[in-house]
Amino acid sequence: MSKYDEKISDESLWLSATPTAAALSMPFHVTEAGHFMAQNGYAVKRERHESFLMLYTLRGSGTVRSGETEFKLERQNACVIDCHIPHEYFCNNRWEFFWMHFGGASAAAILDMLCPNGPQSVDMSRSDSFSDIMPQIFSLISYGDIENCLKLSEKIHSMLCMMTSAAFGTDRTDSKNSISRDIDAVIRYISENYKKQISVDDMTDTIHISKYYFIRVFRRMMGVTPYSYLTNYRINRSKELLRSTSMSIAEVSEECGFLDPGNFIAQFKKRTGMRPLQYRRDFS
């Protein structure tokens, strides 16, 4: 179910696209996009829509609600909403904004990196080229050939990368020195102690923030949880041993901090798609 109150000026632009098979095979594709000059009273409310939505404010401001999250989207701020959950957005004061519904095989993954704790307003005022990309997307939407599908996908990816970089910068700004030092200290601790049985509690013993805040910030900055980072670190070390030594699988497992060879083999296959012995045969 959806409810629209489309109070937009006649100068507003609204473009629709029906993705071709080629477009659907790309990491990202567009289904609709536009440039709206919204008047007071403009509102959109949906229970669900099969896409993700990017909004970017040019002038004025709007309010965005997604699930239990609510925030204002001020000038030169952008956000991405997962439209698969209930959401709404509306004009506060003559809101002029770009918008784009998009999807693709990579959409959910990059959204999880951009806003792991739900949608947020991201200040894009330092990204000079961000607002220039959307009109380029508008010009490509009507073409369905493979070259333009590739260009569209690349431009959406560029915008999302800019947003992710800007969001990371915001996270680091308030306490850049202390938080960055804490994350660096934990990464150093892992590199020095990965052979031992260490926990997240052991990692946080070396820093000065709470365990749960640390997990959230670490995932935000590194893209994985601390435990996943530790496991990946161990797998990388095991690859070096598999390539350069004749150590048995049990010996490699123990040297890299895994509890037993079975767990090592399972984790190795999960992350590489092959068993340790196959990796040794292929890369030795």
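Within 6.0 Å of CD1 in Ile146 there are 12 or fewer heavy atoms belonging to other residues, nucleotides or ligands. Environment of CD in Glu254: sparse, with no more than 12 heavy atoms of neighbouring residues, nucleotides or ligands closer than 6.0 Å. Atom CZ of Arg275 has 12 or fewer neighbouring heavy atoms from other residues, nucleotides or ligands inside a 6.0 Å radius. Other residues, nucleotides and ligands contribute only 12 or fewer heavy atoms inside 6.0 Å of the CD atom of Glu68.
Gln197 places a side-chain N or O within donor-acceptor distance of the main-chain N or O of Gly257, the cut-off being under 3.5 Å. Looking only at distances, a side-chain donor or acceptor of Ser248 sits under 3.5 Å from a matching main-chain atom of Glu251. One N or O on the side chain of Ser139 and one on the backbone of Gln136 form a donor-acceptor pair closer than 3.5 Å. In terms of modelled atom types and a separation under 3.5 Å, the side chain of Ser253 and the main chain of Ile249 share no donor-acceptor contact. For the pair Asn236 (side chain) and Tyr233 (backbone), a donor-acceptor distance under 3.5 Å is absent. Judged by distance alone, with hydrogens and angles left aside, the side-chain atoms of Asn40 form a donor-acceptor pair with the main-chain N or O of Arg94 at under 3.5 Å. Using modelled atom types, no side-chain atom of Arg59 and backbone atom of Met37 make a donor-acceptor pair closer than 3.5 Å.
Classified by interplanar angle (parallel below 30°, tilted 30° to 60°, perpendicular above 60°), the ring pair Phe138/Phe98 is perpendicular. Between Phe258 and Phe264, the ring planes lie tilted relative to each other; the angle falls in the 30° to 60° range.
The line from OG of Ser9 to NE2 of His35 is 8.5 Å long, rounded to the nearest 0.5 Å. In this structure, the separation between OG on Ser131 and CD on Gln76 is 7.0 Å, given to the nearest 0.5 Å. Here OG of Ser165 is found 11.0 Å from CG of Leu114. Values are rounded to the nearest 0.5 Å. The distance from atom NZ of Lys239 to atom CG of Leu242, rounded to the nearest 0.5 Å, is 10.0 Å. In this structure, OH on Tyr89 lies 6.0 Å from CZ on Phe97, to the nearest 0.5 angstrom. The distance from atom CD1 of Ile198 to atom CD of Glu192, rounded to the nearest 0.5 Å, is 10.5 Å.
Among His101, His84, His87, the single residue meeting the ring-ring contact (aromatic ring centres under 6.0 Å, His included) criterion with Phe52 is His84. When Asn193, Ile187, Asp182, Val186 are each tested for a side chain to side chain contact (heavy atoms under 4.5 Å, CB included) with Met203, only one passes: Val186.
Nearest approach of Ser16 to Glu32, heavy atoms of both residues: OG-OE2, 3.5 Å. The minimum heavy-atom distance linking Ile8 with Ser12 is given by the pair CB-OG, 3.7 Å. Listed here is the closest heavy atom pair of Met124 and Ala166: SD-CB, 3.7 Å. Across every non-hydrogen atom of Phe268 and Pro276, the tightest pair is CD2-N, 3.7 Å. Of all the heavy atoms in Ile235 and Ser238, the pair that sits closest is O-OG, 2.6 Å. The two residues Ala167 and Gln120 come nearest to each other via the heavy atoms CB-NE2, 3.7 Å.
Taking 4.5 Å as the limit, every side-chain heavy atom of Gln267 sits out of range of all side-chain heavy atoms of Arg234. Side-chain contact between Lys151 and Asn148 is present, with at least one heavy-atom pair separated by less than 4.5 Å. In this structure the side chain of Ser129 reaches within 4.5 angstrom of the side chain of Met162, judged on heavy atoms. Side-chain contact between Asn77 and Lys72 is absent, with no heavy-atom pair separated by less than 4.5 Å. In this structure, the side chains of Pro119 and Asp82 stay at 4.5 Å or more apart for every pair of heavy atoms. Proximity of Phe28 to Lys155: side-chain heavy atoms (C-beta onward) are nowhere separated by under 4.5 Å. The shortest side-chain heavy-atom distance between Thr20 and Cys149 falls under the 4.5 Å cut-off. The shortest side-chain heavy-atom distance between Leu152 and Phe102 does not fall under the 4.5 Å cut-off.
The closest side-chain donor-acceptor pair between Thr63 and Asn92 falls under 3.5 angstrom. A side-chain N or O of Thr225 and one of Ser228 form a donor-acceptor pair less than 3.5 Å apart. Using a 3.5 Å distance cut-off with no hydrogens or angles, the side chains of Asp123 and Ser125 do pair a donor with an acceptor.
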- [ ] Given side chain to side chain contact (heavy atoms under 4.5 Å, CB included), test Tyr279 with Thr272 step by step and report yes or no.
- [x] CA-CA 9 Å; Tyr279 178 87; Thr272 67; 5.6 Å; no
Requested in this report: Step by step, work out the side chain to side chain contact (heavy atoms under 4.5 Å, CB included) result for Met163 and Phe130.
Outcome: CA-CA 9 Å; Met163 287 185 66; Phe130 185 82; 3.6 Å; yes
Verdict with reasoning, Tyr56 to Met100, per side chain to side chain contact (heavy atoms under 4.5 Å, CB included)
CA-CA 9 Å; Tyr56 174 75; Met100 175 177 64; over 6 Å; no
### Task
Report the C-alpha distance between Trp99 and Trp14 in whole Å, list the side-chain angles of each, state the deciding distance to 0.1 Å, and finish with yes or no for side chain to side chain contact (heavy atoms under 4.5 Å, CB included).
CA-CA 9 Å; Trp99 60 274; Trp14 189 338; 3.3 Å; yes
Inset, instruction - Go through the steps to decide whether Trp95 and Phe36 satisfy the test ring-ring contact (aromatic ring centres under 6.0 Å, His included), and finish with yes or no. - result: CA-CA 8 Å; Trp95 188 21; Phe36 278 8; 9.3 Å; no
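Classification of Arg237 and Glu240 as a salt-bridged pair holds, one side-chain N sitting under 4.0 Å from a carboxylate O.
Residues satisfying the side-chain contact (heavy atoms from CB on, under 4.5 Å) test with Ala266, not counting sequence neighbours, are none.
No continuous path of ILVMFWY side-chain contacts below 4.5 Å connects Leu24 to Leu15, so the two sit in separate hydrophobic clusters. Met26 and Ile156 fall into different hydrophobic clusters, defined by Ile, Leu, Val, Met, Phe, Trp and Tyr side-chain heavy atoms under 4.5 Å apart, directly or through other members. Leu230 and Leu241 fall into different hydrophobic clusters, where Ile, Leu, Val, Met, Phe, Trp and Tyr residues are linked whenever their side-chain heavy atoms come under 4.5 Å apart, directly or through other members. Hydrophobic cluster membership is shared by Tyr194 and Ile183, with clusters built from Ile, Leu, Val, Met, Phe, Trp and Tyr side chains linked at under 4.5 angstrom. Linking Ile, Leu, Val, Met, Phe, Trp and Tyr residues whenever their side-chain heavy atoms come within less than 4.5 Å places Leu58 and Ile133 in a single cluster.
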